[in-house]
Asker: 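Sharing a structure, written as structure tokens. Questions coming.
These numbers come from a predicted model, not from an experiment. Reckoned from all heavy atoms, side chains included, excluding hydrogens, waters and symmetry mates.
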Amino acid sequence: MKFCPLKTAAGEKAALAAEYRTAKKMDVFRMGERRLFFRRRMTAYYISYDEIDRFFRRVLMVPVRVSCCGGEMAVEHVVLCSGGEELAVVLLADPRMAPSVMEALKERAPHAECVKPPAGDGGENG
């Protein structure tokens with residue numbers, strides 16, 4: 001598996017692999033001692049908890065049509081920000097896990113804000 005940093009230069013592959021294997025799995029994330037990991041195909045992306053400035057949930061309502069009727073389905077994302085920019089928008093496999101993922105991130109990155117950016121702050125929402 002290839003390890004790819006979201007912000008800083010790559011760390012030592014053996015140390016990253018060891019931390020990834022021992023990390024606590026929560027939905028699509030793995031919460032390591034010093035880093036947060038998530039996978040896309042055969043690449044594991046990671047970021048140090050110290051580098052996360054802001055994180056928040058983004059819920060998108062997606063129109064769906066099931067047999068004879070239609071409606072909307074909520075799709076949950078966790079957005080990781082650093083330095084005023086969005087580094088990753090991670091789709092959760094199980095939307096019911098979003099509150100526990102957010103609580104775990106608050107514990108591991110207590111310095112980071114857990115709020116959406118203001119409307120004029122740029123990013124996808126601005």
Asker: Using the side chain to side chain contact (heavy atoms under 4.5 Å, CB included) criterion, which residues pair with Met42? Sequence neighbours excluded.
Answerer: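 Expected list: Arg39.
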
Asker: Which pair of heavy atoms, one from Asp94 and one from Asp27, lies closest together, and at what distance?
Answerer: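 In terms of heavy atoms, the two residues are closest at N-OD1, 3.0 Å.
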
Asker: Kindly write out the residues that satisfy side-chain hydrogen bond (donor to acceptor under 3.5 Å, both in side chains) with Glu85, not counting sequence neighbours, or none if the list is empty.
Answerer: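 In terms of side-chain hydrogen bond (donor to acceptor under 3.5 Å, both in side chains), with neighbours along the sequence ignored, Glu85 is linked to no residue.
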
Asker: If you compare all heavy atoms of Val101 against all heavy atoms of Met26, which two are closest, and at what distance to 0.1 Å?
Answerer: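 Distance-wise, the nearest heavy atoms are N-CE, 3.9 Å.
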
Asker: Tell me, do Val89 and Arg58 make a side-chain contact under 4.5 Å, heavy atoms counted?
Answerer: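 Yes - at least one pair of side-chain heavy atoms lies under 4.5 Å apart.
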
Asker: Under the rule for side chain to side chain contact (heavy atoms under 4.5 Å, CB included), what residues qualify as partners of Asp53, not counting sequence neighbours?
Answerer: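 Checked Asp53 against side chain to side chain contact (heavy atoms under 4.5 Å, CB included); matches are Ser82.
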
Asker: Looking at residues at least two apart in the chain, or sitting in another chain, which of them share a side chain to side chain contact (heavy atoms under 4.5 Å, CB included) with Ala98?
Answerer: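 Counting only residues at least two positions away or on another chain, Ala98 forms a side chain to side chain contact (heavy atoms under 4.5 Å, CB included) with Arg57, Glu76, Leu92.
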
Asker: Restricting to non-hydrogen atoms, name the atom on Glu51 and the atom on Lys7 that form the minimum distance, rounded to 0.1 Å.
Answerer: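 Taking every non-hydrogen atom into account, OE1-CB, 3.5 Å.
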
Asker: State the CD-CZ distance between Glu86 and Arg54, to the nearest 0.5 angstrom.
Answerer: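 That separation rounds to 9.5 Å.
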
Asker: In Å and rounded to the nearest 0.5 Å, what is the SG to CZ distance from Cys114 to Phe55?
Answerer: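 Result: 4.0 Å between the selected atoms.
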
Asker: Below 4.5 Å, heavy atoms only, C-beta onward: do Tyr45 and Leu87 meet side chain to side chain?
Answerer: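 They are not in contact (no side-chain heavy atoms under 4.5 Å apart), so the answer is no.
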
Asker: From Lys2 NZ over to Arg40 CZ, what is the distance, rounded to the nearest 0.5 angstrom?
Answerer: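 With rounding to 0.5 Å, NZ (Lys2) is 13.5 Å from CZ (Arg40).
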
Asker: Run the side chain to side chain contact (heavy atoms under 4.5 Å, CB included) test against Ala88 and tell me which residues pass, sequence neighbours left out.
Answerer: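 Checked Ala88 against side chain to side chain contact (heavy atoms under 4.5 Å, CB included); matches are Leu6, Phe38, Leu80, Val90.
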
Asker: Give a yes or no answer on whether the side chain of Glu19 reaches the backbone of Arg34 with a donor-acceptor pair at less than 3.5 Å.
Answerer: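 Here the side-chain-to-backbone pair exists.
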
Asker: Roughly how far, to the nearest 0.5 Å, is CD1 of Ile52 from CD1 of Ile47?
Answerer: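 Atom-to-atom, Ile47:CD1 and Ile52:CD1 are 5.0 Å apart.
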
Asker: Would a distance-only check, ignoring hydrogens and angles, find a side-chain to backbone donor-acceptor pair under 3.5 Å from Tyr49 to Gly32?
Answerer: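 Looks like yes, one N/O pair under 3.5 Å.
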
Asker: Quick check: closest heavy atoms across Leu105 and Met31, and the distance to 0.1 Å?
Answerer: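 Closest approach of Leu105 to Met31, heavy atoms only: CG-CE, 4.1 Å.
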
Asker: According to ring pair (Phe, Tyr, Trp, His ring centres under 6.0 Å), who are the partners of Tyr20, at least two apart in sequence or on a separate chain?
Answerer: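 Testing Tyr20 for ring pair (Phe, Tyr, Trp, His ring centres under 6.0 Å), a comparison that skips the adjacent residues, returns Phe3, Phe37.
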
